[in-house]
Amino acid sequence: MNIASVRDSDEEPIIQTVAEPLQQYLQKAASTGKSTPSRSAKTATGKDAIATKAIVFRPTHRQPLAMLHILDDGCREQGEMIRIRDLRWTIGRDKGDTVIPFDGDMSGRHAELRCQRQKGRFRWFLIDRKSTNGTFVRAFRASLSRDSELILGGRRYVFQLPEPGAEATETEALQTQAYRAPTRTLLEQFVPRLIEVGVSNENPRAFVVGEKETWIGSDERCEVTIGDDPFISPQHARIYQDETGRWMIEDRKSVNGVWIRVKKFAMDKLTEFQLGQQRFRFHPGVDQQRPES
């Protein structure tokens, strides 16, 4: 492996949510489709102008009506719907606008939904409130940086890049030093790994990530085989390096998804997120993505 290709960028991570591929397809289809101009579209004067179809009213001086969907256990469609009309909405175990007291993995005030006006438009953000166990967003594709935290199936992992080696000075190189046992194995020093977190033993399970791509799943043909997790799909996800050398993870149509930990995330489109053991779906504008009633 060319160690120079391993990048640890301070740039904002790239996170593409599961709703985006379908929206991109529809936009492309709309831009390439052919249509016949209607009579009202040919002229904009007289009676034809009156016949032009108007769009349904929507507010322009306040944030759009948002919808928080608290998903039922084992479901992606059913659950409690909450219409959000405030600029801020807090979710937690014992404090906030939405309280889920029986989830011990959730912090007292875990996360906040906040609407902010930027460049003339309203944007919703998901903000972690320094929770103990983190806020995770479901992603179709996401960039990975040093120590990115992931949920795959029913377990959590850390993507760990090799530590940059400290170069010895010429004086240090010439000095004879007493033998010291290495504090890390060669594997830890030079190879990216996926490490399970939250386990009690001193040697957590670690998987080597290949230079080109690594498939993760319950299928034995995957480079990272996780056969003892019932929530892992046969071919769940893959980790690879793109043309710029950035490490990426991609969901491979898994049942339970790929989730990445975030501190602040812009929810411009339909977004699924997890706090503790509770999963949510957020609609930034009800008129854009109206849930089934």
Side-chain angles (χ1 to χ4, degrees), residues 12 15-31 52-103 106-131 134-140 142 257 259-293:
E12 289 293 325
I15 301 178
Q16 187 177 15
T17 62
V18 291
E20 291 180 30
L22 176 59
Q23 292 171 348
Q24 292 172 355
Y25 170 79
L26 293 175
Q27 290 173 358
K28 182 178 179 181
S31 62
T52 301
K53 185 178 179 181
I55 62 173
V56 178
F57 169 79
R58 65 186 65 188
T60 56
H61 299 297
R62 66 161 174 82
Q63 79 274 16
L65 177 65
M67 183 79 76
L68 178 65
H69 191 171
I70 307 174
L71 296 173
D72 289 343
D73 296 343
C75 297
R76 289 197 60 193
E77 300 297 334
Q78 299 179 358
E80 180 184 357
M81 299 285 194
I82 300 175
R83 286 177 169 80
I84 299 179
R85 296 180 172 88
D86 294 331
L87 290 173
R88 294 188 177 187
W89 193 272
T90 305
I91 306 171
R93 190 184 69 252
D94 54 26
K95 297 178 182 179
D97 302 289
T98 295
V99 176
I100 304 179
F102 57 85
D103 193 336
M106 191 178 293
S107 296
R109 289 191 177 184
H110 197 109
E112 178 182 293
L113 309 177
R114 184 184 303 173
C115 188
Q116 298 176 339
R117 188 156 193 167
Q118 293 185 345
K119 298 181 180 179
R121 70 186 184 100
F122 291 98
R123 299 186 74 189
W124 281 97
F125 292 88
L126 173 64
I127 303 173
D128 184 74
R129 296 288 300 269
K130 297 182 180 180
S131 64
T135 296
F136 290 80
V137 170
R138 184 169 186 168
F140 167 70
W259 306 73
I260 186 165
R261 186 170 183 170
V262 298
K263 293 181 179 179
K264 183 176 181 179
F265 182 74
M267 298 187 293
D268 297 324
K269 301 178 178 67
L270 184 148
T271 302
E272 293 182 28
F273 62 93
Q274 177 169 331
L275 311 178
Q277 291 289 301
Q278 181 63 54
R279 292 186 171 178
F280 304 82
R281 178 179 294 166
F282 182 77
H283 306 261
V286 177
D287 61 327
Q288 300 173 16
Q289 183 74 36
R290 185 178 297 276
E292 296 291 338
S293 56

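The existence of a salt bridge linking D268 and R123 is confirmed by a sub-4.0 Å separation between a basic side-chain nitrogen and an acidic carboxylate oxygen.
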Run the numbers on I100 and L275 for side chain to side chain contact (heavy atoms under 4.5 Å, CB included), then give the verdict. CA-CA 10 Å; I100 304 179; L275 311 178; over 6 Å; no
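Atom CD of Q116 has more than 12 heavy atoms from other residues, nucleotides or ligands within 6.0 Å.
With rounding to the nearest 0.5 angstrom, the CZ atom of R85 is 5.5 Å from the CG atom of L65. The distance from the CD1 atom of I15 to the CZ atom of R138 is 14.0 Å, given to the nearest 0.5 Å. Rounding to the nearest 0.5 angstrom, the gap separating the CG atom in L68 from the CE atom in M81 is 9.5 Å. Rounding to the nearest 0.5 angstrom, the gap separating the CZ atom in R279 from the CD atom in E272 is 8.0 Å. To the nearest 0.5 angstrom, I260 atom CD1 is 13.0 Å from T17 atom OG1. Atom CG in L87 sits 10.5 Å away from atom CZ in R62 (nearest 0.5 Å).
Side chain of R93 to backbone of M106: a donor-acceptor contact under 3.5 angstrom is found. At distances below 3.5 Å, at least one donor-acceptor pair connects side-chain atoms of Q278 with backbone N or O atoms of L71. The closest donor-acceptor contact from the side chain of H283 to the backbone of T271 lies at 3.5 Å or more, if one exists at all. The backbone N or O of E77 lies less than 3.5 Å from a partner atom in the side chain of H69, making a donor-acceptor pair.
The two atoms that bring E80 and D72 nearest to each other are N-OD1, 4.4 Å, heavy atoms only. Here the closest heavy-atom approach between residue S131 and residue G134 is recorded as OG-N, 3.0 Å. Closest heavy-atom contact between F125 and K264: CD2-CE, 3.6 Å. Nearest heavy atoms, I84 versus L113: CD1-CD1, 3.6 Å. Nearest heavy-atom pair across P284 and L270 is CD-N, 3.9 Å. For the pair P64 and G285, the tightest heavy-atom approach, listed with the atom from each and the gap, is CB-CA, 4.3 Å.
The salt bridge (Lys or Arg N to Asp or Glu O under 4.0 Å) test applied to R117 returns no partner, not counting sequence neighbours.
At least one side-chain heavy atom of H110 sits under 4.5 Å from a side-chain heavy atom of D128. Here the side chains of D97 and I91 are not in contact, with every heavy-atom distance at 4.5 Å or above.
Of the candidates F265, F273, F282, W124 forms a ring-ring contact (aromatic ring centres under 6.0 Å, His included) with just one, namely F282.
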